[in-house]
Protein chains: 2
Amino acid sequence: MDKGELFQQFVRFTTSVHQVTNDMTKEIRIENITTVQYKILEFITVSQPVTLSEVSECLHLSLPNSSRELKKLIQNQLCEKIIVPNDRRKFDIRLTEKGTALMNKVFQQLELKFQERIDNLKEPELKEIQEAIKILQTKLFT
Amino acid sequence: MDKGELFQQFVRFTTSVHQVTNDMTKEIRIENITTVQYKILEFITVSQPVTLSEVSECLHLSLPNSSRELKKLIQNQLCEKIIVPNDRRKFDIRLTEKGTALMNKVFQQLELKFQERIDNLKEPELKEIQEAIKILQTKLFT
DNA sequence: CTCTTTAGTTATCATTTGATAACTAAAGGG
DNA sequence: CCCTTTAGTTATCAAATGATAACTAAAGAG
């Protein structure tokens, strides 16, 4: 296989993914939440419980800046620190009930847009898509 | 098919794609180029020629802000305006030679990282990946 | 017990990004 | 020919983000 060509396809593909997800999330504006704060919330949602260092590393934010943004999220009562017994320097971060409710609402909106997007597809195509996602998820985006 | 489950997979998948591409592009820092400016360059690269309105719309930037950032890119001689004959309000934007050279270098770096990533995969898996990309590209991320 | 490393905090400053108002100039419709 | 719309510009201000220094406090190594 021509690996150069595969790379070209990869670039076009990831660009499309970015554009589509951007369009889907674009209108989702939450009060008092900035873009970075939303990304942190999203990360917590899919990975909780997480430590601050993990937030920092995965989102490419410095620890001081992560700390600052987390503080604001906690002030908004969207997430909370949970003390972990073995190491008193660290703490786990989790969504609060309010945060969970908020993110559920966001994901419901997203799901609606997703359903629209696949509305015209029939069962066999959906199967194909599911398979394709599984392959890429395990072999390329790990 | 359970469309709710498919949505869950979709979310996990797009999250992975974002993380991987983020990691791949993270270290790429170009002198005098901010994140937004890089995104504009990237967009021009894959879609040129483009108009300023297209930049604005696709990257979700206001026209004034797009104009400002484009100006800086032009000052850095990375792209240029090209007058289009039929409509003197518009212009096309293209990479200059310098801009093209720069983006080629960037894409070469990216390709290296991509090759590393698929290095352990054999021919049949590469075929699978290529097929999977094609399916998602045409049916889901259009 | 000391020294080093890890995890996070607080404060501060510069830069980037976002938003808006007021503008020019060409295109297009009637 | 006038009026409206489209495409882009310039200026300005506020907010978000990035970077860094100086700090605390616990963990771990020897």
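Just so it is clear: chains get the letters A, B, ... in the order the sequence lines come, proteins before strands, and each one is counted from 1.
Ion pairing between a basic and an acidic side chain is recognised when a charged N comes within 4.0 Å of a carboxylate O; A:E80 and A:R94 show no such pairing. A:K39 has no carboxylate O lying under 4.0 Å from a charged side-chain N of A:E42, or vice versa, which leaves the two without a salt bridge.
Regarding B:Y38, its OH atom lies at a distance of 14 Å from the P atom of C:dT17, rounded to whole Å. Going from atom NE2 of A:H60 over to atom P of D:dA16 covers 22 Å, rounded to whole Å. Between the CD atom of B:E31 and the P atom of C:dT15 there is a distance of 15 Å, given to the nearest Å. In this structure, B:I83 atom CD1 and C:dA27 atom C1' are separated by 17 Å, rounded to whole Å. Between the C1' atom of C:dA14 and the CG atom of B:N32 lies a distance of 16 Å, rounded to the nearest Å. Taking atom NZ of A:K90 as the reference point, atom C1' of D:dA25 lies 15 Å away to the nearest angstrom. Note: CG (A:L70) to P (D:dT17) measures 15 Å, nearest angstrom. A:L59 places its CG atom 10 Å from the P atom of D:dG18, with the value rounded to the nearest Å.
Set against C:dT9, D:dG8, C:dT17, the side chain of B:T34 has C:dT17 as its closest nucleotide. In this structure, the nucleotide among D:dT17, C:dT16, D:dT20 sitting nearest to the side chain of A:E69 is D:dT17. Across D:dT9, C:dG8, C:dT9, the shortest atom-to-atom separation from the side chain of B:L63 is found for D:dT9. Closest contact between the side chain of B:R68 and the listed nucleotides D:dA25, C:dA27, D:dT12 involves D:dT12. Side-chain proximity of A:L61 to the nucleotides C:dT10, D:dT17, D:dG18 is greatest for D:dG18.
Proximity of A:K81 to the phosphate of C:dA7: no side-chain N or O atom is located under 4.0 Å from OP1 or OP2. Neither OP1 nor OP2 of C:dG8 sits under 4.0 Å from any side-chain N or O of A:S56. The phosphate of C:dT10 (OP1 or OP2) has a side-chain N or O of A:K71 nearer than 4.0 angstrom.
With DNA chain C read from its 5' end, the first of the two nearest nucleotides for B:K72 and B:P64 is the one closest to B:K72. Residue whose closest nucleotide on DNA chain D sits further toward the 5' end, between A:N65 and A:I33: A:I33. Comparing A:S62 and A:R89, the nucleotide of DNA chain D nearest to each residue sits closer to the 5' end for A:S62.
Contact of the A:I33 side chain with the A:L78 side chain is registered, since non-hydrogen atoms from C-beta on lie closer than 4.5 Å. Side-chain contact check for A:V55 versus A:L70: every heavy-atom pair is 4.5 Å or farther apart.
Side chain to side chain, B:S16 and A:Q137 meet the donor-acceptor criterion of an N or O pair below 3.5 Å.
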- Query: A:D87 and A:K90: side chain to side chain contact (heavy atoms under 4.5 Å, CB included), yes or no, with the steps?
  - Reply: CA-CA 6 Å; A:D87 190 333; A:K90 295 187 200 174; 3.7 Å; yes
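Taking only distance into account, the side chain of B:R88 never meets the base of D:dG8 through a donor-acceptor pair shorter than 3.5 Å. Judged by distance alone with a 3.5 Å cut-off, no donor-acceptor contact links the side chain of A:D87 to the base of C:dA7.
Residue contacts shown for A:S66 are absent, as no nucleic acid heavy atom lies under 4.0 Å away.
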